[in-house]
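What follows is a short report on a single structure.
Side-chain atoms are counted along with the backbone in the values below, which use heavy atoms only and exclude waters and symmetry mates.
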There are 2 protein chains.
Amino acid sequence: MTPVAVNIENCINHKNSVFKSLSNEEKKILSETHSAHTYKKGELIFKEGDKPTGLISLLEGKVKIFKEGVGGREQIIRMAKPHGFIGYRALFADENYAASAVCIEDSSVCVIEKNTLFKILKENSSITLHIMKLMASELGFSNNRTVSLTQKHIRGRLAESLLFLKDTYGMEEDNITLKIYLSREDIASLSNMTTSNAIRTLSAFASEKVIALDGRKIKIYDIKKLERISELG
Amino acid sequence: MTPVAVNIENCINHKNSVFKSLSNEEKKILSETHSAHTYKKGELIFKEGDKPTGLISLLEGKVKIFKEGVGGREQIIRMAKPHGFIGYRALFADENYAASAVCIEDSSVCVIEKNTLFKILKENSSITLHIMKLMASELGFSNNRTVSLTQKHIRGRLAESLLFLKDTYGMEEDNITLKIYLSREDIASLSNMTTSNAIRTLSAFASEKVIALDGRKIKIYDIKKLERISELG
DNA sequence: ATATAAATATGCTTAAAAACATACAAATGT
DNA sequence: ACATTTGTATGTTTTTAAGCATATTTATAT
(Lines give C-alpha, C1' and ligand atoms only; values in the text may rest on other atoms or scores of the structure.)
Protein backbone atom coordinates (compact mmCIF):
# COMPACT_ATOMS: atom_id res chain seq x y z
CA MET A 1 0.00 0.00 0.00
CA THR A 2 1.23 3.46 -0.80
CA PRO A 3 1.63 5.04 2.63
CA VAL A 4 -0.88 7.87 2.79
CA ALA A 5 -1.54 9.73 6.00
CA VAL A 6 -4.99 8.72 7.15
CA ASN A 7 -6.61 12.07 7.56
CA ILE A 8 -10.16 13.21 7.75
CA GLU A 9 -9.29 15.64 4.95
CA ASN A 10 -9.08 12.70 2.58
CA CYS A 11 -12.54 11.71 3.63
CA ILE A 12 -14.49 14.98 3.52
CA ASN A 13 -12.69 17.04 0.90
CA HIS A 14 -12.06 14.46 -1.79
CA LYS A 15 -13.79 15.15 -5.10
CA ASN A 16 -16.01 12.10 -4.65
CA SER A 17 -16.98 12.91 -1.09
CA VAL A 18 -20.63 13.68 -0.40
CA PHE A 19 -19.45 15.98 2.41
CA LYS A 20 -17.32 18.35 0.35
CA SER A 21 -20.18 20.87 0.11
CA LEU A 22 -20.41 21.33 3.88
CA SER A 23 -19.61 24.63 5.57
CA ASN A 24 -16.24 25.01 7.27
CA GLU A 25 -18.04 25.02 10.59
CA GLU A 26 -19.58 21.62 9.87
CA LYS A 27 -16.36 20.22 8.48
CA LYS A 28 -14.69 21.24 11.71
CA ILE A 29 -17.29 19.31 13.70
CA LEU A 30 -16.74 16.28 11.47
CA SER A 31 -12.99 16.39 11.84
CA GLU A 32 -13.28 16.61 15.63
CA THR A 33 -15.41 13.47 15.93
CA HIS A 34 -13.87 11.23 13.32
CA SER A 35 -11.55 8.31 13.80
CA ALA A 36 -9.21 6.60 11.39
CA HIS A 37 -7.91 3.05 11.07
CA THR A 38 -5.67 0.99 8.88
CA TYR A 39 -6.06 -2.72 8.19
CA LYS A 40 -3.84 -5.33 6.64
CA LYS A 41 -4.97 -7.64 3.86
CA GLY A 42 -7.27 -10.28 5.29
CA GLU A 43 -8.23 -8.26 8.35
CA LEU A 44 -11.81 -7.83 9.47
CA ILE A 45 -13.35 -4.34 9.60
CA PHE A 46 -16.62 -5.54 11.09
CA LYS A 47 -18.55 -8.76 11.25
CA GLU A 48 -22.18 -9.87 11.10
CA GLY A 49 -23.91 -8.95 14.35
CA ASP A 50 -21.59 -6.07 15.30
CA LYS A 51 -23.18 -2.74 16.10
CA PRO A 52 -22.30 0.13 13.76
CA THR A 53 -20.68 3.08 15.50
CA GLY A 54 -20.45 5.40 12.55
CA LEU A 55 -20.24 5.83 8.82
CA ILE A 56 -17.14 4.14 7.48
CA SER A 57 -15.50 5.59 4.40
CA LEU A 58 -12.88 3.55 2.60
CA LEU A 59 -9.90 5.75 1.78
CA GLU A 60 -7.51 3.21 0.34
CA GLY A 61 -7.64 -0.45 -0.51
CA LYS A 62 -10.30 -2.97 -1.48
CA VAL A 63 -12.88 -4.61 0.74
CA LYS A 64 -15.29 -7.50 0.30
CA ILE A 65 -18.67 -7.45 2.04
CA PHE A 66 -20.15 -10.89 2.48
CA LYS A 67 -22.75 -12.89 4.34
CA GLU A 68 -22.47 -16.34 5.79
CA GLY A 69 -25.15 -18.60 4.37
CA VAL A 70 -26.16 -22.24 4.69
CA GLY A 71 -23.44 -24.21 6.48
CA GLY A 72 -21.19 -21.15 6.72
CA ARG A 73 -20.93 -20.84 2.95
CA GLU A 74 -19.83 -17.32 2.05
CA GLN A 75 -21.66 -15.08 -0.40
CA ILE A 76 -20.01 -11.81 -1.39
CA ILE A 77 -22.75 -9.21 -1.76
CA ARG A 78 -20.64 -6.17 -2.51
CA MET A 79 -17.08 -5.02 -3.22
CA ALA A 80 -16.02 -1.61 -1.93
CA LYS A 81 -13.49 0.70 -3.50
CA PRO A 82 -11.83 3.90 -2.27
CA HIS A 83 -14.12 6.80 -1.41
CA GLY A 84 -17.13 4.54 -1.09
CA PHE A 85 -18.99 3.86 2.13
CA ILE A 86 -18.91 0.58 4.01
CA GLY A 87 -21.58 -0.70 6.35
CA TYR A 88 -23.87 2.25 5.79
CA ARG A 89 -26.92 0.06 5.24
CA ALA A 90 -26.96 -1.20 8.84
CA LEU A 91 -26.33 2.32 10.12
CA PHE A 92 -29.31 3.80 8.30
CA ALA A 93 -31.56 0.84 8.99
CA ASP A 94 -30.62 1.18 12.68
CA GLU A 95 -29.71 -2.48 12.77
CA ASN A 96 -26.62 -4.48 13.57
CA TYR A 97 -24.45 -5.42 10.63
CA ALA A 98 -26.01 -8.17 8.51
CA ALA A 99 -22.75 -8.82 6.70
CA SER A 100 -19.01 -8.82 7.38
CA ALA A 101 -16.31 -6.68 5.80
CA VAL A 102 -12.83 -8.06 5.15
CA CYS A 103 -9.93 -6.34 3.40
CA ILE A 104 -8.77 -7.85 0.12
CA GLU A 105 -5.74 -5.52 0.23
CA ASP A 106 -4.15 -3.35 2.91
CA SER A 107 -6.74 -0.63 3.50
CA SER A 108 -7.42 2.53 5.43
CA VAL A 109 -10.73 3.99 6.51
CA CYS A 110 -12.13 6.93 8.36
CA VAL A 111 -15.22 6.75 10.53
CA ILE A 112 -17.70 9.54 11.08
CA GLU A 113 -19.35 9.13 14.42
CA LYS A 114 -23.03 8.23 14.19
CA ASN A 115 -24.62 11.07 16.18
CA THR A 116 -22.50 13.73 14.51
CA LEU A 117 -23.44 12.29 11.15
CA PHE A 118 -27.16 12.39 11.81
CA LYS A 119 -26.91 15.90 13.22
CA ILE A 120 -25.27 17.03 9.99
CA LEU A 121 -27.69 15.09 7.79
CA LYS A 122 -30.66 16.70 9.51
CA GLU A 123 -29.30 20.10 8.46
CA ASN A 124 -28.23 19.10 4.97
CA SER A 125 -31.04 17.41 3.12
CA SER A 126 -29.22 17.42 -0.20
CA ILE A 127 -26.49 15.22 1.29
CA THR A 128 -29.11 12.91 2.75
CA LEU A 129 -30.80 12.66 -0.63
CA HIS A 130 -27.44 11.99 -2.21
CA ILE A 131 -26.75 9.07 0.15
CA MET A 132 -30.29 7.90 -0.46
CA LYS A 133 -29.53 7.81 -4.16
CA LEU A 134 -26.44 5.69 -3.48
CA MET A 135 -28.51 3.27 -1.47
CA ALA A 136 -31.25 3.12 -4.11
CA SER A 137 -28.61 2.24 -6.71
CA GLU A 138 -27.23 -0.46 -4.48
CA LEU A 139 -30.71 -1.88 -3.96
CA GLY A 140 -31.10 -2.05 -7.72
CA PHE A 141 -27.77 -3.80 -7.95
CA SER A 142 -28.79 -6.26 -5.24
CA ASN A 143 -32.06 -7.04 -7.00
CA ASN A 144 -30.23 -7.60 -10.28
CA ARG A 145 -27.83 -9.93 -8.60
CA THR A 146 -30.60 -11.92 -6.99
CA VAL A 147 -31.91 -12.66 -10.47
CA SER A 148 -28.50 -13.26 -12.07
CA LEU A 149 -27.20 -15.52 -9.35
CA THR A 150 -30.37 -17.60 -9.27
CA GLN A 151 -31.12 -17.82 -12.97
CA LYS A 152 -27.85 -17.75 -14.87
CA HIS A 153 -25.77 -20.86 -15.35
CA ILE A 154 -22.24 -21.16 -14.00
CA ARG A 155 -20.56 -19.73 -17.10
CA GLY A 156 -22.95 -16.78 -17.17
CA ARG A 157 -22.47 -16.06 -13.48
CA LEU A 158 -18.70 -16.18 -13.73
CA ALA A 159 -18.66 -13.98 -16.83
CA GLU A 160 -20.88 -11.47 -15.05
CA SER A 161 -18.56 -11.46 -12.04
CA LEU A 162 -15.52 -10.77 -14.20
CA LEU A 163 -17.33 -7.89 -15.91
CA PHE A 164 -18.44 -6.60 -12.53
CA LEU A 165 -14.87 -6.64 -11.24
CA LYS A 166 -13.74 -4.78 -14.35
CA ASP A 167 -16.45 -2.12 -13.86
CA THR A 168 -15.66 -1.77 -10.17
CA TYR A 169 -11.87 -1.75 -10.10
CA GLY A 170 -10.94 -1.18 -13.72
CA MET A 171 -7.83 -2.39 -15.51
CA GLU A 172 -4.08 -2.08 -15.04
CA GLU A 173 -2.13 0.26 -17.32
CA ASP A 174 -2.04 -2.43 -20.03
CA ASN A 175 -5.83 -1.99 -20.27
CA ILE A 176 -6.32 -5.75 -20.28
CA THR A 177 -5.44 -7.01 -16.79
CA LEU A 178 -8.08 -6.81 -14.06
CA LYS A 179 -6.97 -4.45 -11.31
CA ILE A 180 -7.95 -6.83 -8.55
CA TYR A 181 -6.39 -10.08 -7.46
CA LEU A 182 -8.88 -12.41 -5.84
CA SER A 183 -8.45 -15.99 -4.72
CA ARG A 184 -10.41 -18.59 -6.65
CA GLU A 185 -12.40 -19.06 -3.48
CA ASP A 186 -13.44 -15.38 -3.44
CA ILE A 187 -14.31 -15.50 -7.12
CA ALA A 188 -16.49 -18.50 -6.27
CA SER A 189 -18.15 -16.69 -3.33
CA LEU A 190 -18.86 -13.76 -5.59
CA SER A 191 -20.37 -15.95 -8.30
CA ASN A 192 -22.37 -18.38 -6.20
CA MET A 193 -20.49 -21.54 -7.08
CA THR A 194 -18.02 -23.95 -5.52
CA THR A 195 -14.31 -23.18 -5.68
CA SER A 196 -13.84 -26.24 -7.91
CA ASN A 197 -16.34 -24.90 -10.40
CA ALA A 198 -14.79 -21.43 -10.37
CA ILE A 199 -11.38 -22.94 -11.15
CA ARG A 200 -12.82 -25.25 -13.78
CA THR A 201 -14.82 -22.54 -15.52
CA LEU A 202 -11.94 -20.03 -15.44
CA SER A 203 -9.81 -22.72 -17.09
CA ALA A 204 -12.52 -23.26 -19.70
CA PHE A 205 -12.64 -19.51 -20.47
CA ALA A 206 -8.85 -19.52 -20.73
CA SER A 207 -8.77 -22.42 -23.17
CA GLU A 208 -11.43 -20.63 -25.23
CA LYS A 209 -9.09 -17.59 -25.32
CA VAL A 210 -11.71 -15.37 -23.67
CA ILE A 211 -9.34 -14.69 -20.80
CA ALA A 212 -5.79 -15.58 -19.80
CA LEU A 213 -4.72 -16.70 -16.35
CA ASP A 214 -1.40 -16.09 -14.64
CA GLY A 215 -1.79 -16.93 -10.98
CA ARG A 216 -4.37 -14.52 -9.65
CA LYS A 217 -3.81 -12.18 -12.55
CA ILE A 218 -6.70 -12.28 -15.02
CA LYS A 219 -6.38 -10.77 -18.48
CA ILE A 220 -9.55 -10.20 -20.45
CA TYR A 221 -8.95 -10.91 -24.13
CA ASP A 222 -12.46 -10.97 -25.51
CA ILE A 223 -14.78 -8.72 -23.58
CA LYS A 224 -17.53 -8.95 -26.20
CA LYS A 225 -17.63 -12.70 -25.85
CA LEU A 226 -17.62 -12.39 -22.08
CA GLU A 227 -20.61 -10.08 -22.35
CA ARG A 228 -22.36 -12.58 -24.60
CA ILE A 229 -21.71 -15.41 -22.14
CA SER A 230 -23.05 -13.23 -19.33
CA GLU A 231 -26.18 -12.20 -21.25
CA LEU A 232 -26.94 -15.69 -22.41
CA GLY A 233 -27.26 -16.95 -18.87
CA MET B 1 -62.49 -4.97 -2.99
CA THR B 2 -64.30 -3.03 -0.33
CA PRO B 3 -65.17 0.21 -2.10
CA VAL B 4 -63.13 2.93 -0.39
CA ALA B 5 -62.98 6.43 -1.79
CA VAL B 6 -59.48 6.89 -3.14
CA ASN B 7 -58.51 10.04 -1.38
CA ILE B 8 -55.20 11.67 -0.65
CA GLU B 9 -56.33 11.78 2.97
CA ASN B 10 -55.90 8.01 3.12
CA CYS B 11 -52.38 8.45 1.89
CA ILE B 12 -51.01 11.27 4.04
CA ASN B 13 -52.98 11.05 7.27
CA HIS B 14 -53.02 7.31 7.84
CA LYS B 15 -51.27 6.19 11.02
CA ASN B 16 -48.55 4.44 8.97
CA SER B 17 -47.94 7.35 6.64
CA VAL B 18 -44.53 8.98 6.78
CA PHE B 19 -46.24 12.25 5.81
CA LYS B 20 -48.63 12.53 8.73
CA SER B 21 -46.26 14.87 10.60
CA LEU B 22 -46.30 17.51 7.84
CA SER B 23 -47.76 20.97 8.40
CA ASN B 24 -51.24 21.70 7.08
CA GLU B 25 -49.66 23.97 4.51
CA GLU B 26 -47.50 21.14 3.17
CA LYS B 27 -50.36 18.66 3.28
CA LYS B 28 -52.36 21.09 1.19
CA ILE B 29 -49.58 21.20 -1.43
CA LEU B 30 -49.46 17.41 -1.46
CA SER B 31 -53.19 17.05 -1.89
CA GLU B 32 -53.15 19.53 -4.79
CA THR B 33 -50.55 17.61 -6.75
CA HIS B 34 -51.52 14.03 -6.09
CA SER B 35 -53.31 11.61 -8.35
CA ALA B 36 -55.17 8.43 -7.55
CA HIS B 37 -55.82 5.22 -9.47
CA THR B 38 -57.56 1.91 -9.08
CA TYR B 39 -56.48 -1.35 -10.69
CA LYS B 40 -58.15 -4.70 -11.14
CA LYS B 41 -56.47 -7.96 -10.19
CA GLY B 42 -53.82 -8.81 -12.77
CA GLU B 43 -53.41 -5.24 -13.99
CA LEU B 44 -50.02 -3.62 -14.40
CA ILE B 45 -49.13 -0.52 -12.36
CA PHE B 46 -45.77 -0.03 -14.08
CA LYS B 47 -43.34 -2.13 -16.00
CA GLU B 48 -39.57 -2.46 -16.32
CA GLY B 49 -38.21 0.48 -18.30
CA ASP B 50 -41.04 2.91 -17.50
CA LYS B 51 -40.10 6.29 -16.07
CA PRO B 52 -41.33 7.00 -12.54
CA THR B 53 -43.55 10.08 -12.28
CA GLY B 54 -43.99 10.11 -8.54
CA LEU B 55 -44.06 8.22 -5.31
CA ILE B 56 -46.74 5.53 -5.41
CA SER B 57 -48.43 4.58 -2.17
CA LEU B 58 -50.56 1.43 -2.10
CA LEU B 59 -53.81 2.17 -0.30
CA GLU B 60 -55.65 -1.09 -0.80
CA GLY B 61 -54.83 -4.45 -2.27
CA LYS B 62 -51.73 -6.56 -2.82
CA VAL B 63 -49.02 -6.08 -5.43
CA LYS B 64 -46.12 -8.20 -6.65
CA ILE B 65 -42.90 -6.54 -7.82
CA PHE B 66 -40.90 -8.72 -10.14
CA LYS B 67 -38.09 -8.75 -12.67
CA GLU B 68 -37.84 -10.68 -15.90
CA GLY B 69 -34.74 -12.83 -15.94
CA VAL B 70 -33.14 -15.33 -18.28
CA GLY B 71 -35.57 -16.30 -21.05
CA GLY B 72 -38.33 -14.13 -19.56
CA ARG B 73 -38.42 -16.16 -16.36
CA GLU B 74 -40.06 -14.11 -13.61
CA GLN B 75 -38.50 -13.48 -10.20
CA ILE B 76 -40.64 -11.78 -7.57
CA ILE B 77 -38.39 -9.48 -5.56
CA ARG B 78 -40.95 -7.89 -3.30
CA MET B 79 -44.60 -8.03 -2.25
CA ALA B 80 -46.31 -4.76 -1.33
CA LYS B 81 -49.11 -4.31 1.16
CA PRO B 82 -51.36 -1.34 1.96
CA HIS B 83 -49.64 1.86 3.14
CA GLY B 84 -46.33 0.78 1.70
CA PHE B 85 -44.58 2.48 -1.17
CA ILE B 86 -44.20 1.00 -4.64
CA GLY B 87 -41.49 1.84 -7.12
CA TYR B 88 -39.69 4.23 -4.79
CA ARG B 89 -36.29 2.70 -5.46
CA ALA B 90 -36.23 3.86 -9.10
CA LEU B 91 -37.54 7.27 -8.08
CA PHE B 92 -34.77 7.88 -5.56
CA ALA B 93 -32.08 6.35 -7.76
CA ASP B 94 -33.27 8.64 -10.56
CA GLU B 95 -33.53 5.63 -12.87
CA ASN B 96 -36.28 4.01 -14.88
CA TYR B 97 -38.08 1.15 -13.20
CA ALA B 98 -35.94 -1.99 -13.04
CA ALA B 99 -38.93 -4.15 -12.14
CA SER B 100 -42.63 -4.40 -12.90
CA ALA B 101 -45.58 -4.11 -10.53
CA VAL B 102 -48.73 -6.19 -11.03
CA CYS B 103 -51.77 -6.38 -8.77
CA ILE B 104 -52.47 -9.70 -7.09
CA GLU B 105 -55.86 -8.32 -5.99
CA ASP B 106 -57.96 -5.30 -6.95
CA SER B 107 -55.92 -2.38 -5.66
CA SER B 108 -55.90 1.38 -5.28
CA VAL B 109 -52.96 3.73 -5.09
CA CYS B 110 -52.19 7.40 -4.75
CA VAL B 111 -49.25 9.06 -6.42
CA ILE B 112 -47.34 12.04 -5.06
CA GLU B 113 -45.83 13.97 -7.91
CA LYS B 114 -42.05 13.78 -8.02
CA ASN B 115 -41.10 17.47 -7.86
CA THR B 116 -43.54 18.19 -5.06
CA LEU B 117 -42.18 15.23 -3.16
CA PHE B 118 -38.58 16.35 -3.41
CA LYS B 119 -39.51 19.89 -2.48
CA ILE B 120 -41.12 18.60 0.69
CA LEU B 121 -38.29 16.18 1.45
CA LYS B 122 -35.74 18.99 1.20
CA GLU B 123 -37.60 20.79 3.97
CA ASN B 124 -38.26 17.74 6.14
CA SER B 125 -35.11 15.79 6.76
CA SER B 126 -36.72 13.52 9.34
CA ILE B 127 -39.12 12.22 6.67
CA THR B 128 -36.23 11.71 4.27
CA LEU B 129 -34.32 9.79 6.94
CA HIS B 130 -37.43 7.76 7.62
CA ILE B 131 -37.74 6.75 3.96
CA MET B 132 -34.02 6.08 3.96
CA LYS B 133 -34.53 3.67 6.82
CA LEU B 134 -37.25 1.89 4.86
CA MET B 135 -34.91 1.52 1.92
CA ALA B 136 -32.03 0.33 4.11
CA SER B 137 -34.32 -2.36 5.52
CA GLU B 138 -35.34 -3.42 2.06
CA LEU B 139 -31.71 -3.61 1.00
CA GLY B 140 -31.08 -5.90 3.94
CA PHE B 141 -34.03 -8.00 2.88
CA SER B 142 -32.76 -8.17 -0.68
CA ASN B 143 -29.30 -9.25 0.46
CA ASN B 144 -30.82 -11.93 2.67
CA ARG B 145 -32.86 -13.19 -0.21
CA THR B 146 -29.88 -13.31 -2.52
CA VAL B 147 -28.28 -15.73 -0.09
CA SER B 148 -31.42 -17.75 0.65
CA LEU B 149 -32.46 -18.14 -2.95
CA THR B 150 -28.99 -19.16 -4.06
CA GLN B 151 -28.00 -21.41 -1.18
CA LYS B 152 -31.12 -23.04 0.21
CA HIS B 153 -32.58 -26.14 -1.37
CA ILE B 154 -36.07 -26.19 -2.82
CA ARG B 155 -37.80 -27.20 0.41
CA GLY B 156 -35.97 -24.49 2.36
CA ARG B 157 -36.78 -21.84 -0.22
CA LEU B 158 -40.46 -22.73 -0.31
CA ALA B 159 -40.70 -22.86 3.48
CA GLU B 160 -39.05 -19.44 3.67
CA SER B 161 -41.52 -18.04 1.12
CA LEU B 162 -44.50 -19.31 3.09
CA LEU B 163 -43.13 -17.74 6.28
CA PHE B 164 -42.45 -14.52 4.38
CA LEU B 165 -46.03 -14.44 3.10
CA LYS B 166 -47.28 -15.00 6.63
CA ASP B 167 -45.12 -12.16 7.99
CA THR B 168 -46.16 -9.83 5.19
CA TYR B 169 -49.89 -10.43 4.91
CA GLY B 170 -50.73 -12.30 8.09
CA MET B 171 -53.47 -14.83 8.65
CA GLU B 172 -57.23 -14.97 8.22
CA GLU B 173 -59.45 -14.81 11.32
CA ASP B 174 -58.91 -18.55 11.90
CA ASN B 175 -55.25 -17.68 12.60
CA ILE B 176 -54.10 -20.55 10.41
CA THR B 177 -54.93 -19.65 6.80
CA LEU B 178 -52.51 -17.40 4.87
CA LYS B 179 -54.17 -14.12 3.98
CA ILE B 180 -52.95 -14.17 0.41
CA TYR B 181 -53.99 -16.36 -2.48
CA LEU B 182 -51.21 -16.82 -5.01
CA SER B 183 -51.08 -19.05 -8.05
CA ARG B 184 -48.59 -21.90 -7.91
CA GLU B 185 -46.73 -20.05 -10.62
CA ASP B 186 -46.36 -16.94 -8.42
CA ILE B 187 -45.26 -19.07 -5.48
CA ALA B 188 -42.64 -20.54 -7.80
CA SER B 189 -41.49 -17.08 -9.00
CA LEU B 190 -41.18 -15.99 -5.40
CA SER B 191 -39.16 -19.05 -4.44
CA ASN B 192 -36.91 -19.38 -7.46
CA MET B 193 -38.15 -22.71 -8.73
CA THR B 194 -40.24 -24.12 -11.56
CA THR B 195 -44.01 -24.26 -11.19
CA SER B 196 -43.81 -28.06 -11.23
CA ASN B 197 -41.45 -28.06 -8.28
CA ALA B 198 -43.58 -25.57 -6.35
CA ILE B 199 -46.61 -27.83 -6.81
CA ARG B 200 -44.65 -30.95 -5.98
CA THR B 201 -43.06 -29.48 -2.84
CA LEU B 202 -46.33 -27.96 -1.60
CA SER B 203 -47.87 -31.44 -1.98
CA ALA B 204 -44.97 -32.93 -0.05
CA PHE B 205 -45.46 -30.41 2.79
CA ALA B 206 -49.17 -31.23 2.78
CA SER B 207 -48.61 -34.97 3.01
CA GLU B 208 -46.19 -34.31 5.88
CA LYS B 209 -49.03 -32.38 7.61
CA VAL B 210 -46.92 -29.20 7.76
CA ILE B 211 -49.52 -27.37 5.70
CA ALA B 212 -52.92 -28.10 4.17
CA LEU B 213 -53.96 -27.13 0.67
CA ASP B 214 -57.42 -26.22 -0.55
CA GLY B 215 -57.08 -24.67 -3.97
CA ARG B 216 -55.07 -21.50 -3.45
CA LYS B 217 -55.87 -21.47 0.23
CA ILE B 218 -52.87 -22.51 2.34
CA LYS B 219 -53.25 -23.43 5.98
CA ILE B 220 -50.12 -23.60 8.10
CA TYR B 221 -50.39 -26.44 10.60
CA ASP B 222 -46.84 -26.69 11.89
CA ILE B 223 -45.05 -23.37 11.80
CA LYS B 224 -42.15 -24.63 13.94
CA LYS B 225 -41.43 -27.36 11.44
CA LEU B 226 -41.71 -24.88 8.59
CA GLU B 227 -39.14 -22.70 10.35
CA ARG B 228 -36.88 -25.70 10.78
CA ILE B 229 -37.15 -26.58 7.09
CA SER B 230 -36.38 -22.97 6.20
CA GLU B 231 -33.35 -22.75 8.53
CA LEU B 232 -31.94 -26.05 7.43
CA GLY B 233 -31.63 -24.86 3.86
C1' DA C 1 -74.19 -25.16 -21.81
C1' DT C 2 -70.28 -26.11 -23.95
C1' DA C 3 -65.86 -25.24 -25.86
C1' DT C 4 -61.42 -23.49 -24.86
C1' DA C 5 -57.91 -22.11 -22.23
C1' DA C 6 -55.44 -21.91 -17.98
C1' DA C 7 -53.95 -23.93 -13.76
C1' DT C 8 -52.83 -27.91 -11.07
C1' DA C 9 -50.93 -32.48 -10.46
C1' DT C 10 -47.68 -36.23 -11.14
C1' DG C 11 -44.42 -39.34 -13.47
C1' DC C 12 -40.12 -39.86 -16.09
C1' DT C 13 -35.73 -38.28 -18.23
C1' DT C 14 -31.97 -35.31 -18.63
C1' DA C 15 -28.80 -31.77 -17.48
C1' DA C 16 -26.37 -29.03 -14.26
C1' DA C 17 -23.74 -28.36 -10.46
C1' DA C 18 -22.34 -30.09 -6.01
C1' DA C 19 -19.65 -33.33 -3.55
C1' DC C 20 -15.82 -36.07 -3.25
C1' DA C 21 -11.16 -37.63 -4.26
C1' DT C 22 -6.58 -36.85 -5.29
C1' DA C 23 -2.53 -34.55 -7.13
C1' DC C 24 0.33 -30.79 -7.38
C1' DA C 25 2.00 -25.99 -6.63
C1' DA C 26 2.69 -21.98 -3.93
C1' DA C 27 2.98 -19.56 0.20
C1' DT C 28 4.07 -19.41 5.08
C1' DG C 29 6.19 -20.33 9.40
C1' DT C 30 9.93 -22.24 12.01
C1' DA D 1 16.01 -25.26 4.15
C1' DC D 2 12.39 -27.79 5.30
C1' DA D 3 7.82 -28.93 6.88
C1' DT D 4 3.19 -27.59 6.94
C1' DT D 5 -0.55 -25.36 5.44
C1' DT D 6 -3.18 -23.18 1.95
C1' DG D 7 -4.49 -22.67 -2.70
C1' DT D 8 -5.01 -24.43 -7.42
C1' DA D 9 -6.13 -28.03 -10.74
C1' DT D 10 -8.68 -31.85 -12.62
C1' DG D 11 -11.13 -36.31 -12.84
C1' DT D 12 -15.28 -39.08 -11.12
C1' DT D 13 -19.65 -39.82 -8.82
C1' DT D 14 -23.84 -38.36 -6.89
C1' DT D 15 -27.50 -35.24 -5.98
C1' DT D 16 -30.58 -31.80 -7.18
C1' DA D 17 -33.64 -29.58 -9.81
C1' DA D 18 -34.87 -28.51 -14.49
C1' DG D 19 -37.16 -30.10 -18.59
C1' DC D 20 -40.56 -32.64 -20.77
C1' DA D 21 -44.79 -35.33 -21.19
C1' DT D 22 -49.40 -36.08 -20.05
C1' DA D 23 -53.58 -36.20 -17.19
C1' DT D 24 -56.99 -33.88 -14.74
C1' DT D 25 -59.25 -30.16 -12.74
C1' DT D 26 -60.81 -25.46 -12.66
C1' DA D 27 -61.74 -20.96 -14.89
C1' DT D 28 -63.17 -18.23 -18.64
C1' DA D 29 -65.29 -17.03 -22.87
C1' DT D 30 -68.71 -17.62 -26.29
Measure from the side chain of [X], starting at C-beta and using heavy atoms only, and say which of [options] lies closest.
X: B/R73; options: C/dA17, D/dA18, C/dT10; value: D/dA18
X: B/R216; options: D/dT8, C/dT8, C/dA18; value: C/dT8
X: B/N197; options: C/dA9, D/dA18, C/dA21; value: D/dA18
X: A/S196; options: C/dA7, C/dC20, C/dA17; value: C/dC20

### Message
Taking the side chain as everything from C-beta on, heavy atoms only, tell me whether B/D214 gets closer than 4.5 Å to B/K219.
### Response
no

### Test ring pair (Phe, Tyr, Trp, His ring centres under 6.0 Å) applied to B/F46 and B/F66, B/Y97, B/Y88, B/Y39, the passing residue
B/Y97

### Task
Calculate the interatomic distance between A/Q151 atom CD and C/dA17 atom P; express it in whole Å.
13 Å

### Task
Using atom CZ of A/R157 as one end and atom P of C/dA16 as the other, report the distance to the nearest whole Å.
12 Å

Kindly say if [X] contacts the phosphate of [N], meaning a side-chain N or O under 4.0 Å from OP1 or OP2.
X: A/T195; N: D/dT8; answer: no
X: B/T194; N: D/dA18; answer: yes
X: A/R155; N: C/dA16; answer: no

### Summary
Of A/S183 and A/H153, the one whose nearest nucleotide on DNA chain D sits closer to the 5' end is A/S183

#### Entry: Side chain A/D50, main chain A/K47, donor-acceptor under 3.5 Å
yes

### Query
Do B/S203 side-chain atoms and B/I199 backbone N/O form a donor-acceptor pair below 3.5 Å?
yes

### Message
Please determine whether any donor N or O and acceptor N or O are separated by less than 3.5 Å between the side chain of B/R200 and the base of C/dG11.
### Response
yes

